[in-house]
Amino acid sequence: MKRAGIPQILWSLPVLLFLGFLSACSSSDPESADTVPLMASGVAQSPPKAEKRPHTVLAPGGTRADEYYWLRDDMRQDASVLAYLKAENDYTDAAMALLAGTKDTLYKEMVGRLQQDDATVPYRYKDYWYYSRYEEGKEYRIHARRKGSMDEPEEIVLDLNAMAEGHSYYSVDDFKVSPDQKWLAFVEDSVGRRQYQLRIKNLETGVITDTGVAGISYSIAWAADSATIVYVQNDPVTLLGKQVKSHRIGTPVASDPLLYQEPDDRFFMDVALTRSERHLCIYLESTLSDEQRCADARQPDDFRLIAQRRPDFKYKADHLAGRWVVRTNWNAPNFKLMDFADGLWNQRAQWSDLVPHDPAVLISGFALFDNLIALDERFNGLTRIRLRANTGLETIVAADEAAYEMVLDTNAQPDTDWVRYRYTSLTTPNTIYEVHASSHERRLLKESPVLGGFDKAHYVTERLWAPARDGTPIPVSLVYRKGFVKNGTAALLQYGYGAYGISMEPWFGSDTISLLDRGMVFAMAHVRGGQEMGRQWYEDGKLLQKKNTFTDFIDVTHHLVSQGYAAPDRVAAMGGSAGGLLMGAIANMAPSRYRVIVSQVPFVDIVTTMLDESIPLTTNEFDEWGNPQDPLYYDYMLGYSPYDQLRATAYPAMYIGTGLWDSQVQYWEPAKYVARLRDRHTDNHLVLLRTQMEAGHGGSSGRFQRYQDAAEYYAFMLNQLGVANHRTP
């Protein structure tokens with residue numbers, strides 16, 4: 001997994017905690033104390049001051065002093081480190097006590113929009129219908145199923161509320177039903193470190209068994225015998241997936257056979273069944289190359305290559321109806337689809353073009369059906385779905401708005417001509433449709449309910465292009481409440497990410513409404529480093545082109561202010577994880593353009609981290625950032641590293657969040673950053689560090705606790721922007 005926080009699970013919520021977007025503002029209210037921006041001098045207690053301890057970081061490109069290096073504690077047990085984090089939390093508590101009214105109001109609004117007893121759209125897998133639901137007042141999902149039809153009695157698959165009892169953090173990040181539908185394998189994390197335990201549930205008796213398998217990744221798959229589970233064992237130090245093993249129900253862990261071991265630390269590893277369920281595959285992925293090995297699911301012990309890994313060769317293959325279909329960048333920068341017949345192991349020369357490369361269209365993914373292929377694509381910066389019948393006839397699924405997200409949803413069975421997809425926009429709640437491949441009939445299955453008087457007709461979304469300093473047009477998605485006037489007085493929240501080729505989509509967030517109703521504009525800057533405009537968009541925002549990500553974001557801010565969307569002194573910025581790197585970079589490069597920055601689990605100490613291969617993720621990411629052991633990359637990375645570039649100047653107010661058990665961005669990066677920022681900044685703007693002591697990269701695990709967290713940093717942001725604690729009804 002990457003420093004996306006967006007884990008890849010990330011995209012299931014609609015996105016992780018730090019991507020839970022926002023937007024809002026209006027003129028300040030002189031009668032409300034919450035609209036007077038808090039300064040550090042206005043908080044009753046003094047901010048913590050971390051001790052400086054001499055430490056030198058060595059590198060071929062030079063040495064650097066790191067006076068706060070001592071805040072790193074891999075075991076999370078050092079008393080002085082924990083005391084410092086507690087002092088920062090106490091200081092944040094004291095500051096936020098002055099904004100308790102705003103925080104409480106925001107939280108009630110956010111929770112008030114939830115349909116607390118909501119449920120997902122059921123999907124069919126073999127002879128059962130599966131879905132999940134919430135019960136009113138409860139923090140976690142209940143996963144359930146019904147046999148044959150939704151009129152049959154409900155069977156509880158997993159009640160996460162019962163399982164979370166006694167845990168301050170609890171997460172089940174993957175579960176798989178066995179092919180015979182009698183067993184459930186699932187992985188659980190009660191710390192937030194994303195190091196999982198494998199458990200098995202007998203769906204007939206309800207008995208849950210701890211297998212003893214621990215320290216594994218989220219990725220698991222059943223063999224065809226419904227008695228064997230294949231999993232990925234992580235390295236206990238680097239936390240990288242290193243081995244693929246199999247566990248047979250009822251046998252000791254010590255006897256689990258090793259199926260594969262990966263020698264190259266640049267590769268991530270997953271396991272899964274193909275669409276046909278005839279093959280069980282090991283997927284190996286790095287930034288620049290992939291490799292896939294598959295075995296007969298009836299006896300997954302002889303894994304054979306789909307194609308050997310090569311530099312700059314990426315691919316992923318799926319199998320159905322006697323053929324393999326491959327998405328690949330082989331002579332196709334924006335990817336194409338190829339196919340080949342069963343039995344052609346590691347014979348790339350025998351692959352045939354199926355859906356040709358289009359330099360204007362990025363193929364993001366695909367799903368196989370008996371009679372068609374459904375493709376996730378990106379064209380002109382927006383997502384779309386293409387349906388390609390086996391006859392070759394193609395259809396593009398129509399969209400309804402100027403800026404939106406449209407992606408394939410759960411399509412568990414291949415024996416249908418109805419393709420299910422998800423649609424959302426900055427004004428349209430998450431909506432599930434299905435479309436018929438030949439008649440093109442579209443059926444609405446569900447639009448997620450939004451309570452509290454929400455009416456999407458009250459909001460307007462726009463798509464515009466902002467010129468970057470090198471002349472490149474940067475796409476921007478905006479939303480605001482109807483009646484907004486571009487007169488240069490409003491407050492603006494601008495969000496960005498720009499890394500790993502992960503594209504930011506203009507999706508709906510019900511928490512954003514609290515901000516829009518206070519008059520604020522929300523803008524999503526689709527900066528280089530993602531893949532919004534195709535694969536080259538990513539290439540132009542990584543390695544020695546990484547600074548494009550940061551200058552794109554700053555240039556979007558300049559354009560929006562110049563066009564009257566915001567007052568120059570009322571701009572907020574937000575990002576998380578690799579997007580937190582973006583926040584740290586813009587704070588150094590253009591501090592006067594932002595009044596406040598909200599940065600969640602930020603990757604701000606990039607050079608020191610990338611020099612240390614014992615830190616999780618480091619070796620996987622040399623192709624993303626560069627290896628600072630090379631002086632060329634060392635100098636370039638040092639030139640934008642947020643921690644290293646902090647200097648004696650005025651900075652925006654900042655709210656920085658982290659999790660003590662974060663495995664993607666270690667807690668000490670934001671802790672060190674705040675300590676040095678406090679020492680060097682010359683202003684009296686408020687800087688807050690909130691460490692979730694029982695959470696990791698994704699923040700709190702409970703449904704309602706997430707809104708408590710969001711209400712806090714939204715309240716901080718609104719206060720700094722001078723936004724009144726009342727909204728348009």
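Just so it is clear, the values below take in all heavy atoms, side chains as well, and ignore hydrogens, waters and symmetry mates. The model shown is predicted, which means the values in this text are computed figures rather than measured ones.
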Colleague: Salt bridge (Lys or Arg N to Asp or Glu O under 4.0 Å) with Asp409: which residues, sequence neighbours excluded?
Modeller: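 Per chain and number, Asp409 pairs via salt bridge (Lys or Arg N to Asp or Glu O under 4.0 Å) with no residue.
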
Colleague: Might you work through the side-chain contact (heavy atoms from CB on, under 4.5 Å) test for Val460 and Val479, ending with a clear yes or no?
Modeller: CA-CA 6 Å; Val460 177; Val479 63; over 6 Å; no

Colleague: Do Arg570 side-chain atoms and Arg595 backbone N/O form a donor-acceptor pair below 3.5 Å?
Modeller: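 Judged by distance alone, no pair lies under 3.5 Å.
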
Colleague: So, Tyr714 versus Asp511: side-chain donor-acceptor pair below 3.5 Å or not?
Modeller: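 The criterion, which ignores hydrogens and geometry beyond distance, is satisfied for Asp511 and Tyr714.
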
Colleague: Taking Leu638's backbone N and O only, do any of them form a donor-acceptor pair with Ser641's side chain (distance below 3.5 Å, no angle check)?
Modeller: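 Checking the backbone N and O of Leu638 against the side chain of Ser641, no donor-acceptor pair under 3.5 Å is found.
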
Colleague: Would you say that Ile385 contacts Leu375 through its side chain, given a criterion of any heavy-atom pair below 4.5 Å between the two side chains?
Modeller: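 Ile385 does not reach Leu375 side chain to side chain.
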
Colleague: Centroid-to-centroid, Trp625 to Tyr500, below 6.0 Å?
Modeller: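 Ring-ring flag for Trp625/Tyr500: true, centres closer than 6.0 Å.
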
Colleague: For residues 325-336, which residue pairs pass the side chain to side chain donor-acceptor pair (under 3.5 Å) check, not counting sequence neighbours?
Modeller: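 Qualifying pairs, neighbours excluded: Lys336-Asp353.
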
Colleague: Starting at CG of Leu543, measure out to CE of Met637 and round the result to the nearest 0.5 Å.
Modeller: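 One finds 9.5 Å between CG of Leu543 and CE of Met637.
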
Colleague: Under the 3.5 angstrom rule, does the side chain of Asn548 hit a backbone N or O of Gly541 as a donor-acceptor pair?
Modeller: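 No.
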
Colleague: State whether the side chain of Asp605 and the backbone N or O of Tyr643 hold a donor-acceptor pair below 3.5 Å, judged by distance alone.
Modeller: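 Flag not set: sc Asp605 to bb Tyr643 has no pair under 3.5 Å.
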
Colleague: Please determine if Lys456 and Glu447 form a salt bridge, counting it only when a charged side-chain N lies under 4.0 Å from a carboxylate O.
Modeller: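 Answer for the salt bridge query: yes.
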
Colleague: Does the Ser219 side chain pair with the main chain of Val271, one donor and one acceptor, at a distance under 3.5 Å?
Modeller: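 Pair found, side chain donor or acceptor close to backbone of Val271.
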
Colleague: Any side-chain heavy atom of Phe553 sitting closer than 4.5 Å to one from Leu582?
Modeller: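 The answer is yes; the side chains approach within 4.5 Å.
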
Colleague: Test side-chain contact (heavy atoms from CB on, under 4.5 Å) on Leu464 and Leu560 and set out the steps.
Modeller: CA-CA 10 Å; Leu464 57 80; Leu560 294 177; 4.2 Å; yes

Colleague: Quick test of your reading of the model: are Arg266 and Glu285 salt-bridged, counting only N-O distances below 4.0 Å?
Modeller: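 Here Arg266 does not pair with Glu285 in a salt bridge, since their nearest N and O are not under 4.0 Å apart.
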
Colleague: If only side-chain N and O atoms count, and only distance matters, is there a donor-acceptor pair under 3.5 Å linking His558 with Arg469?
Modeller: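 There is no such pair (donor and acceptor under 3.5 Å, judged by atom type) between the side chains of Arg469 and His558.
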
Colleague: Between Asp270 and Leu284, is the side-chain contact (heavy atoms from CB on, under 4.5 Å) condition met? List the steps.
Modeller: CA-CA 7 Å; Asp270 291 304; Leu284 298 144; over 6 Å; no

Colleague: Are any non-hydrogen side-chain atoms of Asp555 and Ile474 less than 4.5 angstrom apart?
Modeller: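 They are not in side-chain contact.
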
Colleague: Can you confirm if the NZ or CZ of Lys316 lies within 45° of the ring axis of Tyr283 and under 6.0 Å from the centre of its six-membered ring?
Modeller: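 Satisfied, under 6.0 Å and within 45°.
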
Colleague: Quick one, Leu393 with Leu372, criterion side-chain contact (heavy atoms from CB on, under 4.5 Å). Give me CA distance, side-chain angles, the key distance, then yes/no.
Modeller: CA-CA 9 Å; Leu393 184 65; Leu372 72 141; over 6 Å; no

Colleague: Do side-chain atoms of Ser599 reach the backbone of Ile656 as a donor and acceptor pair under 3.5 angstrom?
Modeller: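 Checked: no pair found.
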
Colleague: Within the 4.5 Å heavy-atom criterion, are Asp339 and Trp324 side-chain neighbours or not?
Modeller: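 No, too far: nothing below the 4.5 Å cut-off.
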
Colleague: Would Thr383 and Glu405 count as having a side-chain donor-acceptor pair, cut-off 3.5 Å?
Modeller: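 No, no side-chain donor-acceptor pair sits under 3.5 Å.
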
Colleague: How about Phe313 and Tyr315: are their ring centroids closer than 6.0 Å?
Modeller: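 Under 6.0 Å, so yes.
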
Colleague: Got a second to check how far Ile615's CD1 is from Gln664's CD, nearest 0.5 Å?
Modeller: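 Spacing of CD1 (Ile615) from CD (Gln664) equals 13.0 Å.
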
Colleague: Let me confirm one number: the CZ-CD distance from Arg378 to Gln531, rounded to the nearest 0.5 Å.
Modeller: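 Arg378 CZ to Gln531 CD: 8.0 Å, rounded to 0.5 Å.
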
Colleague: Does NZ or CZ of Arg275 come closer than 6.0 Å to the centre of the six-membered ring of Phe369, within 45° of the ring's axis?
Modeller: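 Checked: cation-pi criterion met.
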
Colleague: In Å and rounded to the nearest 0.5 Å, what is the CG to NZ distance from Asp290 to Lys314?
Modeller: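 Interatomic distance, Asp290 CG to Lys314 NZ, rounded to 0.5 Å: 3.5 Å.
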
Colleague: Counting only heavy atoms not in Arg348, do more than 12 fall under 6.0 Å of its CZ?
Modeller: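 Check passes, neighbour count above 12.
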
Colleague: How far does CD1 of Ile606 sit from OG1 of Thr618, to the nearest 0.5 angstrom?
Modeller: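 Output value for this atom pair is 10.0 Å.
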
Colleague: Distance alone, cut at 3.5 Å: any donor-acceptor contact between the side chains of Asn411 and Tyr421?
Modeller: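 Not at all, the side chains of Asn411 and Tyr421 share no donor-acceptor pair under 3.5 Å.
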
Colleague: Indicate whether any N or O donor in one side chain lies under 3.5 Å from an N or O acceptor in the other, for Ser477 and Glu462.
Modeller: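 No, Glu462 and Ser477 have no side-chain donor paired with an acceptor closer than 3.5 Å.
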
Colleague: Mark yes or no for whether Ser425, through its side chain, and Thr428, through its backbone, hold a donor-acceptor pair below 3.5 Å.
Modeller: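 Looks like yes, one N/O pair under 3.5 Å.
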
Colleague: How long is the straight-line distance from OH of Tyr404 back to CG of Leu382, given to the nearest 0.5 Å?
Modeller: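 Spacing of CG (Leu382) from OH (Tyr404) equals 5.0 Å.
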
Colleague: Main chain of Val527, side chain of Trp537: is a donor-acceptor contact present, judged purely on distance under 3.5 Å?
Modeller: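 It does hold such a pair.
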
Colleague: In terms of side-chain geometry, is the basic nitrogen of Arg528 or Asp552 positioned less than 4.0 Å from the acidic oxygen of its partner?
Modeller: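 Yes, charged N to carboxylate O under 4.0 Å.
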
Colleague: Side-chain contact, heavy-atom cut-off 4.5 Å: Gln600 with Pro602?
Modeller: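 No, too far: nothing below the 4.5 Å cut-off.
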
Colleague: Would a 4.5 Å heavy-atom cut-off, applied to side chains only, mark Tyr673 and Pro642 as touching?
Modeller: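 A side-chain contact under 4.5 Å exists here.
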
Colleague: With sequence neighbours excluded, what pairs up with Arg386 under the salt bridge (Lys or Arg N to Asp or Glu O under 4.0 Å) test?
Modeller: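 Salt bridge (Lys or Arg N to Asp or Glu O under 4.0 Å) list for Arg386, sorted by chain: Glu377, Glu394.
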
Colleague: Hey, is the main chain of Arg309 close enough, under 3.5 Å, to the side chain of Glu291 for a donor-acceptor pair?
Modeller: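 Answer holds: yes.
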
Colleague: Going by the rule ring-ring contact (aromatic ring centres under 6.0 Å, His included), which residues pair with Phe484 if we only count those two or more places apart in sequence or in a different chain?
Modeller: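 Counting only residues at least two positions away or on another chain, Phe484 forms a ring-ring contact (aromatic ring centres under 6.0 Å, His included) with Tyr480.
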
Colleague: Tell me whether His526 contacts the main-chain N or O of Met504 through its side chain, where contact means a donor paired with an acceptor under 3.5 Å.
Modeller: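 A pair under 3.5 Å: yes.
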
Colleague: Any heavy-atom pair between the side chains of Val419 and Leu408 that's under 4.5 Å?
Modeller: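 In contact.
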
Colleague: Determine whether Tyr433 and Leu445 make a side-chain contact, defined as any pair of heavy atoms from C-beta on separated by less than 4.5 Å.
Modeller: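 No, side chains not in contact.
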
Colleague: Less than 3.5 Å apart, any donor N or O on the side chain of Tyr594 or Gln720 sitting next to an acceptor on the other?
Modeller: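 Absent: no donor and acceptor within the cut-off.
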
Colleague: Will you find, in the side chains of Tyr651 and Asn588, an N or O donor that is under 3.5 Å from an N or O acceptor?
Modeller: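 Checked: Tyr651/Asn588 side chains pair up, N/O donor to acceptor below 3.5 Å.
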
Colleague: Has Lys547 got its NZ or CZ under 6.0 Å from the middle of the six-membered ring of Tyr636, at an angle within 45 degrees of the ring axis?
Modeller: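 The answer is yes; both the distance and angle limits are met.
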
Colleague: What residues, two or more places apart in sequence or in another chain, satisfy side chain to side chain contact (heavy atoms under 4.5 Å, CB included) together with Phe379?
Modeller: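 Scan of Phe379 (side chain to side chain contact (heavy atoms under 4.5 Å, CB included), adjacent residues dropped) gives Ala360, Val361, Arg384.
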
Colleague: If a pair satisfies salt bridge (Lys or Arg N to Asp or Glu O under 4.0 Å) and one of its residues is in residues 426-437, list it, with sequence neighbours excluded.
Modeller: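 Of all non-adjacent pairs touching residues 426-437, those that pass salt bridge (Lys or Arg N to Asp or Glu O under 4.0 Å) are Glu434-Arg443.
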
Colleague: Have Gln666 and Asp662 got a donor and an acceptor in their side chains that come within less than 3.5 Å?
Modeller: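 Not at all, the side chains of Gln666 and Asp662 share no donor-acceptor pair under 3.5 Å.
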
Colleague: So, Tyr423 versus Glu401: side-chain donor-acceptor pair below 3.5 Å or not?
Modeller: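 Per modelled atom types, Tyr423 and Glu401 side chains form a pair under 3.5 Å.
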
Colleague: Taking atom types as modelled, is there a side-chain donor on Glu624 or Tyr538 under 3.5 Å from an acceptor on the other?
Modeller: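 A pair is found: one side chain offers a donor N or O, the other an acceptor, under 3.5 Å apart.
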
Colleague: Any Lys/Arg nitrogen of Lys482 or Asp455 sitting under 4.0 Å from an Asp/Glu carboxylate oxygen of the other?
Modeller: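 Judged by the 4.0 Å cut-off on N to carboxylate O distance, Lys482 and Asp455 do not form a salt bridge.
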
Colleague: If we count only N and O atoms by modelled type, under 3.5 Å, do the side chains of Thr395 and His440 hold a donor and an acceptor together?
Modeller: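 There is such a pair (donor and acceptor under 3.5 Å, judged by atom type) between the side chains of Thr395 and His440.
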
Colleague: Aromatic contact between Phe508 and Phe454, with the criterion being ring centroids under 6.0 Å apart: yes or no?
Modeller: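 Under 6.0 Å, so yes.
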
Colleague: Taking the six-membered ring of Tyr707, is NZ or CZ of Arg113 closer than 6.0 Å to its centre and within 45° of its axis?
Modeller: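 Judged by the rule, Arg113 and Tyr707 form no cation-pi pair.
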
